Colleague: 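Before anything else, here's the structure in question.
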Amino acid sequence: MLKDTNCGELRREHDGRTVTLAGWVHRRRDHGGLIFIDLRDTTGLVQCVIDPSRGDAYAVADQARAEWVLQIEGQVALRPPETVNPRLVTGEVEVRVARAQVLNDAKIPPFHITDAGEEVEELLRLRYRYLDLRRDSLHDTIRLRHRIVKFMRDFLCERDFIEVETPILIKSTPEGARDYIVPSRLQPGYFYALPQSPQILKQLLMVAGFERYFQIARCFRDEDTRADRQPEFSQLDIEMSFVRREDVMALVEDLYTAIARECAPGKRLLASPFPRLTYQEAMERYGSDRPDLRFGLELRDVTDVVAQSEFGVFRSAVAAGGRVKALVAPGCAGYSRSQVDELTRVAQSGGAKGLATLAVSAEGVRSPVAKFLSDAEVRGIVEHSQAKHGDLVLLVADRPEVVAKALGGLRVWLGERLDLADSQVLAFCWIYEFPLLEWREEERRWDATHNPFSGFYAEDEPLLESDPGKVRALQYDLVCNGSELGGGSIRNHRREMQERLFGLMGYSPDDARQRFGALLDALEHGAPPHGGIATGIERLLMVLRGTDNIRDVVAFPKTQSGGDPMLGSPAPVDERQLRDLHLRVVE
RNA sequence: GGUCGUGUGGUGUAGAGGCCGAACACGCUGCCCUGUCAAGGCAGAGAUCGCCGGUUCGAAUCCGGUCACGACCGCCA
């Protein structure tokens with residue numbers, strides 16, 4: 001080794017020890033005589049002092065510049081008391097340099113490699129990702145990612161799970177997300193697809209009798225990115241045989257509780273065991289199936305209060321089977337016209353046609369719609385919404401889904417604007433009892449709300465014929481701080497039932513065989529009852545690191561247009577390669 | 001497919017039709033300096049304002065297009 005000690009690990013008990021370090025010049029301070037070099041390696045940094053009396057070492061320190069790679073030999077010494085730096089973990093000591101050697105020089109960095117202050121344009125950071133990753137915060141995130149993944153592996157191995165790798169080149173099964181496809185050289189005109197998830201393969205492993213499987217699985221979805229979505233990402237994929245919903249949930253809850261304790265010591269769990277909300281309840285109370293439980297701001301139903309109102313917007317919405325719900329913005333009664341307009345835009349982006357507001361104060365209620373409402377109605381709204389003096393009541397009237405989406409969006413927006421969420425808190429919760437199916441009006445068919453292999457409550461079976469939208473799936477989502485960390489279900493392990501569901505989803509028996517033949521066949525060969533879950537690695541890291549940008553938790557992320565500015569991907573390929581693959585680029 | 005935002009020395013910003021032959025901070029180069037830690041002092045180099053076109057006597061600034069990056073809607077079983 002070119003080093004025998006890590007920079008960031010030196011402490012006062014190492015006083016007097018002779019060490020060899022190797023790392024990067026983090027900062028150099030030249031006093032004309034003395035030169036200080038903060039030498040950085042993956043563990044942190046330590047101050048090295050070079051005295052002019054050390055001729056060769058001094059010459060090295062004299063010419064060294066930021067990000068040069070040096071090997072330094074010297075003696076650890078306690079700093080003079082008045083020069084101790086309490087902001088550095090290594091600040092009580094320094095290394096008195098005896099010898100120094102340049103292992104490599106470095107160009108002037110294209111941007112400041114530091115977490116202090118300014119944000120560098122992200123494109124530049126991505127082009128030089130290997131430099132950006134040197135920053136403490138990113139470096140630490142990638143190391144945390146490793147610790148979490150290792151923790152998951154250790155945790156599951158201890159509980160008799162085995163990790164199985166499943167193929168990356170599989171078969172395209174249209175529906176769901178768009179597949180990335182890979183042309184076959186040996187079979188002209190045929191294509192592989194990259195997995196959107198190993199769903200079918202892990203179910204087949206259950207049929208194969210492994211009983212407890214997991215994988216840190218790479219998944220690929222050719223859809224537009226978002227702040228929390230990349231074209232490729234990782235999931236902790238789990239599947240278990242002979243389990244009930246409770247077993248899977250308990251396992252995952254134990255795992256995530258332990259991760260929070262071991263890997264995020266600064267964070268506090270809001271509640272343990274994790275609260276459980278039915279989908280119905282989550283939508284009613286929070287207007288979302290992934291509620292941020294770090295703050296209240298629950299939605300209140302005032303439909304009954306205004307059902308007979310003179311106010312046409314409310315009355316007609318109710319008459320059409322819709323609802324009127326309220327959200328209280330605490331302390332916002334004084335909002336200006338433009339601030340209320342902003343709230344309205346948020347509501348509209350959630351699909352609402354408009355937003356009615358009531359400002360509650362000691363003097364009474366001010367509202368642009370007051371003239372349409374009776375005193376009793378105004379009183380009823382204030383009472384039902386539990387608004388206090390100084391609060392602003394926000395009302396949306398529409399179909400229940402629209403009301404939920406609009407007010408749910410406003411709730412999240414207000415949570416941010418009013419800084420209601422404690423960033424040190426992890427509010428895990430489970431959402432369960434999702435509807436199994438939803439009606440797709442454009443395609444005139446039922447479709448799985450989550451996953452077409454989900455089982456459902458046995459007692460709901462008659463509803464499959466009479467009212468499919470009411471069938472409750474054995475599906476559960478793990479949610480934390482308003483982010484969907486993952487979801488899973490108990491699967492259908494009998495062919496007849498799975499085929500029946502495919503039928504409801506509009507697949508002919510032929511279609512179903514075409515797409516899911518291997519799984520359907522396998523279900524006939526003694527498939528055990530089974531279920532599992534898949535949770536996003538990046539989503540978890542985002543929550544733990546408190547970032548809203550997925551690129552912060554991926555070593556080499558892609559841009560919004562799916563490219564990598566460092567590698568220059570995607571890129572054209574040689575004519576020769578295309579020929580081998582029986583492809584021609586048109587246009 | 002759509003909506004919105006951003007693009008000025010190496011980096012981050014300022015600039016709102018003539019005051020811009022583009023300012024500031026950091027960085028960089030040179031000189032000075034033996035206890036700093038975002039070291040300090042002095043001097044200096046460095047950008048025609050993403051790209052193309054238009055309006056105007058005159059454009060970094062206004063307009064159109066385009067490219068890149070980002071946020072969002074659609075999409076993400």
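Proteins come first, then strands; the chains are lettered A, B, ... in the order of their sequence lines, and each starts at number 1. Every value quoted in this text rests on a predicted model; they were computed, and no experiment measured them.
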Colleague: Check every strand shown and say whether A:Lys405 touches a base, only sugar-phosphate, or nothing at a heavy-atom separation below 4.0 Å.
Modeller: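 The answer is sugar-phosphate, as A:Lys405 gets under 4.0 Å only of primed atoms, P, OP1 or OP2.
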
Colleague: When the C1' atoms of B:C73 and B:G64 are considered, how many whole Å apart are they?
Modeller: 25 Å

Colleague: Toward the 5' end of RNA chain B, which comes first, A:Glu438 or A:Ser561, by nearest nucleotide?
Modeller: A:Ser561

Colleague: Using atom CG of A:Asp564 as one end and atom P of B:C69 as the other, report the distance to the nearest whole Å.
Modeller: 11 Å

Colleague: Considering Watson-Crick and G-U wobble pairs with both distances under 3.5 Å, what does B:G64 pair with?
Modeller: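 Its partner is B:C52 (Watson-Crick or G-U wobble, both distances under 3.5 Å).
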
Colleague: Of A:Glu94 and A:Phe111, whose closest RNA chain B nucleotide lies nearer the 5' terminus?
Modeller: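 The residue mapped nearer the 5' terminus is A:Phe111.
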
Colleague: Using the P atom as the point on both nucleotides, what is the distance between B:G65 and B:G2, in whole Å?
Modeller: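 Going atom to atom, P in each nucleotide, I get 12 Å.
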
Colleague: From the set B:G12, B:A77, B:U34, return the single nucleotide nearest to any side-chain atom of A:Val120.
Modeller: B:G12

Colleague: The criterion is ring pair (Phe, Tyr, Trp, His ring centres under 6.0 Å); which residues satisfy it with A:Phe233, sequence neighbours excluded?
Modeller: none

Colleague: N/O contacts under 3.5 Å, protein versus nucleotides 1-7 of chain B?
Modeller:
{"residue": "B:G1", "atom": "O6", "partner": "A:Asp224", "partner atom": "OD2", "Å": "3.2"}

Colleague: Under a 3.5 Å cut-off for both contacts, is B:C37 paired Watson-Crick or G-U wobble with anything, and if yes, with which nucleotide?
Modeller: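 Across any shown strand, B:C37 pairs with none.
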
Colleague: For atom C1', what is the distance between B:G30 and B:C4, given to the nearest Å?
Modeller: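 The same atom, C1', in both gives a distance of 48 Å.
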
Colleague: Relative to A:Tyr457, does A:Arg472 satisfy both conditions: NZ or CZ under 6.0 angstrom from the six-membered ring centre, and within 45 degrees of the ring's axis?
Modeller: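 That pair qualifies as a cation-pi contact.
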
Colleague: Mind checking the C1' distance from B:U3 to B:G10? Whole angstroms is fine.
Modeller: 34 Å

Colleague: Suppose the criterion is salt bridge (Lys or Arg N to Asp or Glu O under 4.0 Å): which pairs have a residue in residues 60-72 of chain A, not counting sequence neighbours?
Modeller: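 For residues 60-72 of chain A: A:Arg28-A:Asp62, A:Arg40-A:Glu67, A:Glu67-A:Arg134.
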
Colleague: State which of B:A77, B:C76, B:U34 makes the closest approach to the side chain of A:Asp51.
Modeller: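 Shortest atom-to-atom distance from the side chain points to B:U34.
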
Colleague: Can you list everything that forms a ring pair (Phe, Tyr, Trp, His ring centres under 6.0 Å) with A:His31? Sequence neighbours excluded, please.
Modeller: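 Ring pair (Phe, Tyr, Trp, His ring centres under 6.0 Å) check on A:His31 returns A:Phe36.
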
Colleague: Using the test side chain to side chain donor-acceptor pair (under 3.5 Å), find all partners of A:Arg495 that sit at least two apart in sequence or belong to another chain.
Modeller: A:Glu499, A:Asp521, A:Glu524

Colleague: Remember a base hit wins even if backbone is also touched, and classify A:Arg551 as base, sugar-phosphate or nothing at under 4.0 Å, heavy atoms.
Modeller: sugar-phosphate

Colleague: Give the rounded distance in Å between these two atoms: CG of A:Asp62 and P of B:U29.
Modeller: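 So the two atoms are 12 Å apart, to the nearest Å.
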
Colleague: Can you pull the salt bridge (Lys or Arg N to Asp or Glu O under 4.0 Å) pairs that have at least one residue in residues 403-421 of chain A, sequence neighbours excluded?
Modeller: A:Glu342-A:Arg417

Colleague: What's the closest nucleotide to the A:Leu123 side chain, out of B:C72, B:U34, B:C69?
Modeller: B:C69

Colleague: Could you identify the nucleotide paired to B:G70, looking across every strand shown and requiring Watson-Crick or G-U wobble geometry with both distances under 3.5 Å?
Modeller: B:C4

Colleague: Contact class for A:Leu124 (heavy atom, under 4.0 Å): base, sugar-phosphate, or nothing?
Modeller: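 It contacts sugar-phosphate atoms only.
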
Colleague: Please list all pairs meeting side-chain hydrogen bond (donor to acceptor under 3.5 Å, both in side chains) that have one or both residues in residues 81-93 of chain A, counting only residues at least two apart or in different chains.
Modeller: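 Listed by first then second residue: A:Arg12-A:Glu92.
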
Colleague: Look through every strand shown and name the nucleotide pairing with B:C76 as Watson-Crick or G-U wobble, where both distances are under 3.5 Å.
Modeller: none

Colleague: Can you tell which of B:C75, B:G27, B:A71 lies closest to the side chain of A:Arg229?
Modeller: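 Of the options given, the side chain of A:Arg229 lies nearest B:C75.
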
Colleague: Round to the nearest Å and state the distance from A:Asp222 atom CG to B:C75 atom P.
Modeller: 16 Å

Colleague: In whole angstrom, give me the gap between the P atoms of B:C37 and B:C26.
Modeller: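 It comes out at 15 Å once rounded to the nearest Å.
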
Colleague: Using a cut-off of 4.0 Å between protein heavy atoms and nucleotide atoms, how would you tag nucleotides 37-42 of chain B 5' to 3' with B, S and -?
Modeller: BSB---

Colleague: Taking only the side-chain heavy atoms of A:His112 (C-beta and beyond), determine which of B:A77, B:C26, B:G70 contains the nearest atom.
Modeller: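 From the listed options, B:C26 comes nearest.
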
Colleague: Give none if B:U13 has no partner; otherwise give the nucleotide forming a Watson-Crick or G-U wobble pair with it, both distances under 3.5 Å.
Modeller: B:A23

Colleague: In whole angstroms, how far is the P atom of B:G12 from the CG atom of A:Asp115?
Modeller: 15 Å

Colleague: With both distances kept under 3.5 Å, what pairs with B:G30, Watson-Crick or G-U wobble?
Modeller: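 WC or wobble partner is B:C42.
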
Colleague: Once you apply a heavy-atom cut-off of 4.0 Å, does A:Pro110 come out as touching a base, just sugar-phosphate, or nothing?
Modeller: sugar-phosphate

Colleague: How many whole angstroms separate atom CZ of A:Phe36 from atom P of B:C33?
Modeller: 16 Å

Colleague: Within the side chain of A:Arg129, is there an N or O that forms a donor-acceptor pair under 3.5 Å with the backbone of A:Ala555?
Modeller: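 At least one qualifying donor-acceptor pair exists.
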
Colleague: OP1 or OP2 of B:A77 versus the side-chain N and O atoms of A:Arg221: is any pair under 4.0 Å?
Modeller: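 Affirmative; the distance criterion is met.
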
Colleague: Would you measure the distance from the P atom in B:G7 across to the matching atom in B:G27 and give it in whole Å?
Modeller: 24 Å

Colleague: State plainly whether the residues A:Glu232 and A:Arg221 are in salt-bridge range, i.e. N to O under 4.0 Å.
Modeller: no

Colleague: Are A:Tyr279 and A:Tyr432 close enough, and set up right, to give a ring-ring contact (aromatic ring centres under 6.0 Å, His included), and what steps lead you there?
Modeller: CA-CA 6 Å; A:Tyr279 171 82; A:Tyr432 67 110; over 10 Å; no

Colleague: Please identify each residue that fulfils ring pair (Phe, Tyr, Trp, His ring centres under 6.0 Å) with A:Trp446, with sequence neighbours left out.
Modeller: A:Trp439

Colleague: So, A:Lys353 and A:Asp398, do they make that salt bridge, N to O below 4.0 Å?
Modeller: yes

Colleague: Determine the interatomic distance between P on B:A60 and the same-named atom on B:C52; round to the nearest Å.
Modeller: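 Comparing P positions in B:A60 and B:C52 gives a spacing of 13 Å.
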
Colleague: According to side-chain hydrogen bond (donor to acceptor under 3.5 Å, both in side chains), does anything in residues 71-81 of chain A pair up with another residue at least two apart or in another chain? List the pairs.
Modeller: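 Qualifying pairs: A:Glu73-A:Arg99.
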
Colleague: Please report the distance, rounded to the nearest Å, between CG in A:Asp289 and P in B:C76.
Modeller: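 Spelled out: CG on A:Asp289 to P on B:C76 is 15 Å.
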
Colleague: Where do A:Arg491 and A:Gly488 come nearest, in terms of heavy atoms and distance?
Modeller: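 Heavy-atom minimum between the residues: NH1-C, 4.2 Å.
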
Colleague: Applying side-chain hydrogen bond (donor to acceptor under 3.5 Å, both in side chains), which residue pairs with at least one partner in residues 476-487 of chain A are found, sequence neighbours left out?
Modeller: A:His450-A:Asp477, A:Gln475-A:Asp477

Colleague: List in numerical order all residues of residues 467-492 of chain A for which some heavy atom is under 4.0 Å away from an atom belonging to RNA chain B.
Modeller: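 Heavy-atom cutoff 4.0 Å gives no residues at all.
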
Colleague: Quantified in whole Å, what is the P atom distance between nucleotide B:G12 and nucleotide B:U8?
Modeller: 7 Å

Colleague: Can you measure A:Gln235 atom CD to B:C76 atom C1' for me and round it to whole angstrom units?
Modeller: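 To the nearest whole Å, that distance equals 12 Å.
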
Colleague: Does A:Arg226 contact B:G74 through a side-chain donor or acceptor facing the base, at a distance under 3.5 Å?
Modeller: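 Flag set: donor-acceptor pair detected.
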
Colleague: How many whole angstroms separate atom CZ of A:Arg125 from atom C1' of B:A68?
Modeller: 17 Å

Colleague: Does B:A77 have its OP1 or OP2 closer than 4.0 Å to a side-chain nitrogen or oxygen of A:Gln199?
Modeller: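 Result: no.
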
